Amino acid sequence: MTNYLDTLNEPQREGVLTTEGPVMLIAGAGSGKTRVLTFRIAYLIQEKNVDPFSIMALTFTNKAAKEMRDRIEKVVGSDARSLMMGTFHSVFSRILRAEAHHIGYPNNFTIYDTDDVKQLLRTIIKEKGLDDAVYKVNTVLGRISSAKNKLISADEYLRNGELMGDDAANMRPEIGAIYKIYTNRLYKSGAMDFDDLLFNTDKLFKEHLDVLNKYQQRIQYLMVDEFQDTNLCQYYIIRKLAAVRENVCVVGDDAQSIYAFRGADITNILNFERDYADLKVIKLEQNYRSTSNIVQAANSVIKRNRAQLPKNVWTANEEGKLIELIKAVSDNEEGRLVATSIFQERMQHQMKYSDFAILYRTNSQSRALEESLRRMNIPYRMVGGLSFYQRKEIKDILAYLRFTMNQQDEASFRRIINLPKRGIGDATVDKIVVAANDHGAPLWDIVQNVTPFVGGRVAGPIDDFVTMIKRFSIEIERKDAYDAAFEIAKSSGLLRELYEDKTVEGLSRYENVQELLNAIKEFTDDPERQDKSLGAFLQEVSLLTGQDEEKDKDPDKVTLMTIHMAKGLEFKYVYMVGMEEDLFPSQMMINSRADLEEERRLFYVAITRAEKRLFLSYALSRYRFGRLKNSEPSRFLDDIDSSFIKVSSKFSSAIESSPPPSQYAKKLVSGIKKTVTSAPPIRPVTYKPPADFIPSDTGALQVGMRVEHPKFGFGTVLQMDTSGADRKAKIGFKDIGEKTLLLSFAKLRIVEN
DNA sequence: GTCACCGAGATTTTT
DNA sequence: TCTCGGTGAC
């Protein structure tokens, strides 16, 4: 058992063995922090005989939690199950599920997702008669959310001169009032938003010391992963929980802090040193993941940031190949070049598809990439995007289930009262909600006794609805989650409605609902699960995100995801695409130094995901908002010390004929050590390409089509060769005769008609 | 109350 | 390009 200690280096071992007292691990990228955390927990259980029940470990994503649990289970076996471990949100929502009644919430409170929250805010803004162009839902939500993350309640917000002053200066003086109404509405609905799961946990501990004490006694050892991403609220909870024993170990890397927009506050790291005088700080600086070139390139980037803790990340790994920069004229070509490169590298080095990842800044960039991968028959999986549980049909069913659990839930009520159609319109719903608020009465009381408040015609259907929901709530007492959910899906008429829709989309929606029911079945059939109630299922599902549905039969696929989702992961080959100004760094992040530094840290995270090879790519034009836009290479390319990067030989010849390169591109081409043999000189031709030459997608190129080439001029496709790895086309050019071109490189414009 | 059509805005990231 | 909310006809 102790032999695993031998596999650790000195600071890592220290991190595992220093179990008593406050510890902060500053862990550089790829320095094995998960190993340290894993072994630390294993060590506590096996060597120090600590009851796993009294260890709490907090992570940021479900994925990280799951991975850690799996790894611990490999060492300590089934003991791992009783660990109190998960994301901040899931662990605290479990605590609230047991304790929420102390702060006036029902224990079976509903969790509102972002859509529910926005809907509710929109309603409130409308009810207050405010202009929704001034009070944009996203703005309002942002203000409220960041207040909650800083532990500022609605009442405190209204009393806070600075916040109110800001709002007044921005012509939005009512935000505080909206916050207050919003809080009351959530409370009345027995619902919490994501921020409330933290905010209310803090409130619970603050107002009920007996409850806090219970958890302080229980949790003997507390560990926090990704500490640099904690917000103030999380920090206070951590401190409270650890106040008695002070056996708290936080692990983080300030260079990888990329969630400031969500309230993460790096100063927590500094405060931690201040709050614990006897804090032991251990630095993990040896990188085991990446080649020396990649590590040094990453260092050269992060060095440009002003705000950072001093550390020296180094590696004993081989030098490795240089980072390659791929240039493309368009987003489509970028996709094509990346796909081609993956194909070739995989062949040449006998890699698996799963060794490759393509990272991007925004989800919308995935489309061009997907197309190229599909065209080359490269299997891929996309992580993130919209989750299964955000689909309309799924949310509809879940709303029924949620409302059956909690009849005060306004958001679910609005969603299902007229679904399927039963002749109850918005006007009626508004009347009911307003009546509930005016009378200070619970929503459900009004709904049950609705006649005085609405037109006589709709009273009948509402009564039927009430009867149905009452029947459902009896069902969930008698049946397990699956049987109850199935019964509700069927009796509500939702299932039938979807079944009768024979369109393609209707079919897939029906299948999605079936899949949801399967997921519930799986949940109830899981022998390790103690709480199999519908409530427990809903709780869990609310905190799930897109990344958590991977029951892939074929795991050998290229991974596509945003950089944010890639944090904590590693791949042998990484392609970081879209290295362009306004995209990365995002145009919304270039206005302040702090924002720009966060973007740079994001770039640092991207670079350090790569083990063996890193490719960066950019396109000179790209479709955005459905329009073609020109773009310039990212300023971040200049941050990389030029001795670690080279221009790829894969770049297209069309660059030379494209619009004059930007200053960034120029600097790059001149400043970068050219280790590639330069392309053979192109023989002079008389043909001059038009200034606005834009290559077409040649995926559907066929014999007989007329094409234009930026150097060779106009021609006709004579023959296609798609047998080999590279698709080729023999083209008869008007000026220079026949040429066979590789379609992955050639810039061709398909001439219309 | 319902449906079909139109126009606007979105694309920064997640629990 | 896509999704969402608003509007007007029935």
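Order of the sequence lines fixes the chain letters, A, B, ..., with proteins taken first and strands second; residue numbering starts at 1 for each chain. This one's a predicted model, so the numbers in the text were calculated from it and none came from an experiment.
Considering only side-chain atoms of A:Arg262, the nucleotide from B:dG1, B:dT15, B:dT14 that sits closest is B:dT14. Minimum atom distance to the side chain of A:Glu599 is reached by B:dT12, of the listed B:dT11, B:dT12, B:dG1. Comparing B:dG1, B:dT15, B:dT13 by their closest approach to the side chain of A:Thr114 singles out B:dT15. Considering only the side chain of A:Val458, B:dG1 comes nearest among B:dG1, B:dT11, B:dT15. For A:Lys421, whose side chain is taken as the heavy atoms from C-beta onward, the closest listed nucleotide among B:dT2, B:dG1, B:dT11 is B:dT2.
In this structure, A:Gln234 reaches neither bases nor backbone, as no heavy-atom distance under 4.0 Å exists between it and the strands shown. Within the nucleic acid shown, A:Phe60 comes within 4.0 Å of sugar-phosphate atoms alone, with no base atom in reach, counting heavy atoms only. Residue A:Ser90 is classed as having no contact, given no heavy-atom separation below 4.0 Å to the nucleic acid. At a threshold of 4.0 angstrom between heavy atoms, the contacts of A:Arg627 with the nucleic acid are absent. Counting any heavy atom pair closer than 4.0 Å across all strands shown, A:Thr562 reaches sugar-phosphate atoms only and no base atom. Within the nucleic acid shown, A:Tyr623 has no heavy atom closer than 4.0 Å to any nucleic acid atom.
Nucleotides B:dT13 and C:dC4, compared at atom P, are 15 Å apart to the nearest Å.
We find that CG of A:Asn138 is positioned 13 Å from C1' of B:dT13, with the value rounded to whole Å. As rounded to whole Å, 10 Å separates atom P of C:dC4 from atom CD of A:Gln119. Taking atom CD of A:Glu597 as the reference point, atom C1' of B:dT13 lies 18 Å away to the nearest angstrom. B:dT15 atom C1' lies 18 Å from atom NZ of A:Lys66, rounded to whole Å. Rounded to an integer number of Å, the gap from A:Tyr112 OH to B:dT14 C1' is 21 Å. Between the NZ atom of A:Lys395 and the P atom of C:dC4 there is a distance of 10 Å, given to the nearest Å. In this structure, A:His564 places its NE2 atom 13 Å from C1' of B:dT15, rounding to the nearest Å.
A:Asp193 and A:Tyr182 share a side-chain donor-acceptor pair at under 3.5 Å.
The pair A:Arg367-A:Glu370 does not meet the salt-bridge criterion, since no charged nitrogen lies less than 4.0 angstrom from a carboxylate oxygen. The pair A:Asp582-A:Arg624 does not meet the salt-bridge criterion, since no charged nitrogen lies less than 4.0 angstrom from a carboxylate oxygen.
Checking the phosphate oxygens (OP1, OP2) of B:dT13, a side-chain nitrogen or oxygen of A:Asn363 falls inside 4.0 Å. Taking side-chain N and O atoms only, A:Gln587 has no distance below 4.0 Å to OP1 or OP2 of B:dT11. Side-chain N/O atoms of A:Thr87 include none lying less than 4.0 angstrom from OP1 or OP2 on B:dT14. One finds a side-chain N or O of A:Asn418 lying less than 4.0 angstrom from the OP1 or OP2 phosphate oxygen of B:dT2. At the phosphate of C:dG6, OP1 or OP2 sits under 4.0 Å from a side-chain N or O atom of A:Lys126. Phosphate contact (OP1/OP2 of B:dG1, side-chain N/O of A:Thr428, threshold under 4.0 Å): present.
The residue among A:Tyr259 and A:Lys136 whose nearest nucleotide of DNA chain B is located toward the 5' end is A:Lys136. Of the two residues near DNA chain B, A:Gly423 and A:Glu598, the one whose nearest nucleotide lies more 5' is A:Gly423. A residue-by-residue look at A:Lys392 and A:Arg367 shows that A:Arg367 has its nearest nucleotide of DNA chain C further toward the 5' end.
Other residues, nucleotides and ligands contribute over 12 non-hydrogen atoms within 6.0 Å of the NZ atom of A:Lys240. Enclosure of atom CG in A:Asp115 by more than 12 non-hydrogen atoms of other residues, nucleotides or ligands within 6.0 angstrom is indicated.
Each of A:Arg622, A:Lys629, A:Arg361 was compared with A:Glu580 under the salt bridge (Lys or Arg N to Asp or Glu O under 4.0 Å) criterion, and only A:Arg622 meets it.
Cation-pi geometry between A:Arg239 and A:Tyr236 is met: the NZ or CZ atom falls under 6.0 Å from the ring centre, inside 45° of the normal.
Side-chain to base pairing of A:Arg361 with B:dT13: one donor and one acceptor N or O lie within less than 3.5 Å of each other.
Look at A:Phe261 and the base of B:dT13; the rings stack, centres closer than 5.5 Å and planes less than 30° apart.
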